[in-house]
Number of protein chains: 2
Amino acid sequence: MSRSRTQFAILALVRIQPMSGYEIREFCRTRLRHFWNESFGQIYPTLTQLAADGLVRPAERADNPRATYYELTEPGRASLREWLARAASPRMVRDELLLKLFCGDEATPAVLLEHVTVARQQAQAELDSLSEASRELEMYAHDHPDNPYWQLMLRAGRLGFEARLQWCAEAEAVIAARPGPDKETTRG
Amino acid sequence: MSRSRTQFAILALVRIQPMSGYEIREFCRTRLRHFWNESFGQIYPTLTQLAADGLVRPAERADNPRATYYELTEPGRASLREWLARAASPRMVRDELLLKLFCGDEATPAVLLEHVTVARQQAQAELDSLSEASRELEMYAHDHPDNPYWQLMLRAGRLGFEARLQWCAEAEAVIAARPGPDKETTRG
DNA sequence: TTTTAGATATATCTATTAGATATTATGAGT
DNA sequence: ACTCATAATATCTAATAGATATATCTAAAA
């Protein structure tokens, strides 16, 4: 099959429980967004392909006749396991804020400070969200065999956002000390 | 023009000094990779477009007749400044290792440990590389008006990789303590 | 000296994924 | 009843990753 990782993201999710395409998207968006994302553009065609290949099985639900739920099959599980044994691709990051800072002297400190403040607020909100998620896992999934891994997954996010917050604080201090068009002397 | 950010990455780079398409790619790959990347597939068509729009100017070099160097024009600088004043898109991360950990109980601890060890080694190499880059900037660009921003840029990378290393250490400890097919009792 | 490997340089192509849009049905609030 | 938001599916366009092709130059090896 293709090199696309959407298939494995989907298999990983329906391994936990049967899900509709929409639910898969929402799960990614609400619980995995600090390290993964999937769009409808990938989800639906991939679900169709996975079903054709026998890796997931479409099913209906009496309590929600509108949605199609997809369940993991044994061949799907085997495919997931093969992928898990393979080396992971390097982490990919794309951070427009840092690109803007790269040519920071072309902007005013005030506008850069604004950008960093927004980033700090976002990082704080994400950190809070991950901390809450960690507590919920402790409460509801403490004995789940995946729980230690889930906690590691969240831990990665929290450490990352803590580092981001630290950086924002430092960046704000440095930028605030920069001379700008509305400053007459260097602020020490 | 389009929503593509390749144009701004290119403008940012040729703002520092004139560069060829290849040099732009190399600069991204060697110095910006912890937060940005550009492929030839984007660079060359975008350079052509930027030149057509008058935002960069192609020039030849007597010392390298083979390469076309692109210089920033004043309209190009103005375009860069407009972009700098706009809010930055959220940081995007894609981390296959965490996706694998998400369904970690479907794999053996040994294989997961291997993945985390590889990630740790990569993070250490990147951290070393960024520390070296920071030292070089201090030596060669200390008085450059962009230097404080460049140092912040590198600082973001270092804090990020330090957090990653911290996480790897924790993950290794947790995973090593997991029972696996080659372990008869829980290792404490 | 010749050959080979690696780097430089440009260009374009395919594959993957982000992001947006469209349609329909349902549920909640006014 | 009407309006708005959400759920659900599907697909389309735009952006970007990654690979490939060709040519030339330089350095190292034979």
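Quick note on labels: first sequence line is chain A, next is B, and so on, each numbered from 1. The analysis underlying the following values was restricted to heavy atoms, covering all of them including side chains, and did not include hydrogens, waters or symmetry mates.
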Could you check whether atom CZ of B:R155 has more than 12 heavy atoms from other residues, nucleotides or ligands sitting under 6.0 Å from it? yes

With sequence neighbours excluded, residues passing side chain to side chain donor-acceptor pair (under 3.5 Å) with A:E114: none

Output every pair passing ring-ring contact (aromatic ring centres under 6.0 Å, His included) with a member in residues 34-59 of chain A, not counting sequence neighbours, ordered by first then second residue. A:F40-A:Y44

Within this structure, what is the CZ-to-P distance between B:R25 and D:dA17, rounded to whole angstrom? 10 Å

Residue list, ring-ring contact (aromatic ring centres under 6.0 Å, His included) with B:F161, at least two apart or on another chain: none

Any side-chain N or O of B:N37 under 4.0 Å from OP1/OP2 of D:dT16? no

Using atom CG of A:D63 as one end and atom P of D:dA8 as the other, report the distance to the nearest whole Å. 10 Å

Taking only N and O in the side chain of A:N64, is any of them less than 4.0 Å away from OP1 or OP2 of D:dA7? no

Would you jot down, in residue-number order, the residues of residues 78-88 of chain B having a non-hydrogen atom under 4.0 Å from DNA chain D? none

Intermediate values then yes/no, salt bridge (charged side-chain N to carboxylate O under 4.0 Å, His left out), B:R86 and B:E82: CA-CA 7 Å; B:R86 272 194 254 143; B:E82 278 180 29; 5.5 Å; no

How many whole angstroms separate atom CD of A:E23 from atom C1' of D:dA7? 9 Å

Could you list, one pair per line, each protein nitrogen or oxygen that sits under 3.5 Å from a nitrogen or oxygen of nucleotides 24-28 of chain C, together with the distance?
from	atom 1	to	atom 2	distance (Å)
C:dA25	N3	A:R66	NH1	3.2

Tracing side-chain contacts under 4.5 Å among Ile, Leu, Val, Met, Phe, Trp and Tyr outward from B:Y69 reaches none

Residues which pass side chain to side chain donor-acceptor pair (under 3.5 Å) with A:N147, listed by chain and number, not counting sequence neighbours: none

Between C:dA9, D:dT16, D:dT9, which one does the side chain of A:T68 approach most closely? D:dT9

Should the heavy atoms of other residues, nucleotides or ligands under 6.0 Å from CD of A:E60 be counted, would the total exceed 12? no

Can you give me the bend angle of the helix from C:dT1-D:dA30 to C:dT30-D:dA1? Use the axis through the first five pairs and the one through the last five, nearest 10 degrees. 30°

Figure out the CZ/P separation between A:F8 and C:dT16, and round it to whole Å. 11 Å

Rounded to the nearest Å, what distance is computed from the CE atom of residue A:M92 to the C1' atom of nucleotide D:dA17? 8 Å

Looking only at atom types and distance, does a side-chain atom of B:S79 sit under 3.5 Å from a main-chain N or O of B:P75, one as donor and one as acceptor? no

Measuring to OP1 and OP2 of D:dT16, would you say a side-chain N or O of B:T6 lies under 4.0 angstrom away? yes

Phosphate OP1/OP2 of D:dA7: any A:Y22 side-chain N/O under 4.0 Å: yes

In chain order, what residues pass the side chain to side chain donor-acceptor pair (under 3.5 Å) check against A:E71, with sequence neighbours excluded? A:R57

Could you check whether B:D146 pairs with B:R15 (Lys NZ or Arg NE/NH1/NH2 to Asp/Glu carboxylate O, under 4.0 Å)? yes

Starting at atom CZ of A:R29, determine the distance to atom P of C:dA20, rounded to an integer number of angstrom. 13 Å

Can you see if the side chain of A:R94 gets near the phosphate of C:dA18 - specifically, an N or O under 4.0 Å from OP1 or OP2? no

Specify the separation, in whole Å, of atom CH2 of A:W36 and atom P of C:dT17. 7 Å

Find which nucleotide of DNA chain D each of A:E26 and A:R5 is nearest to by heavy atoms, and output the residue with the more 5' nucleotide. A:E26

Give each protein N/O atom lying under 3.5 Å from an N/O atom of nucleotides 12-15 of chain C, with the pair distance.
from	atom 1	to	atom 2	distance (Å)
C:dT12	O4	B:G41	N	3.1

Is A:R33 paired with A:E126 through a side-chain N to carboxylate O contact shorter than 4.0 Å? yes

Those residues at least two apart in sequence (or on a different chain) that pass side chain to side chain donor-acceptor pair (under 3.5 Å) with A:R135 are A:E132

Find the distance A:R61:CZ to D:dT9:P and express it as a whole number of Å. 12 Å

Residue pairs fulfilling ring-ring contact (aromatic ring centres under 6.0 Å, His included) with at least one residue in residues 111-145 of chain A, sequence neighbours excluded: A:H144-A:W150

Indicate yes or no: does B:R25 engage B:E38 in a salt bridge with an N to O separation below 4.0 Å. no

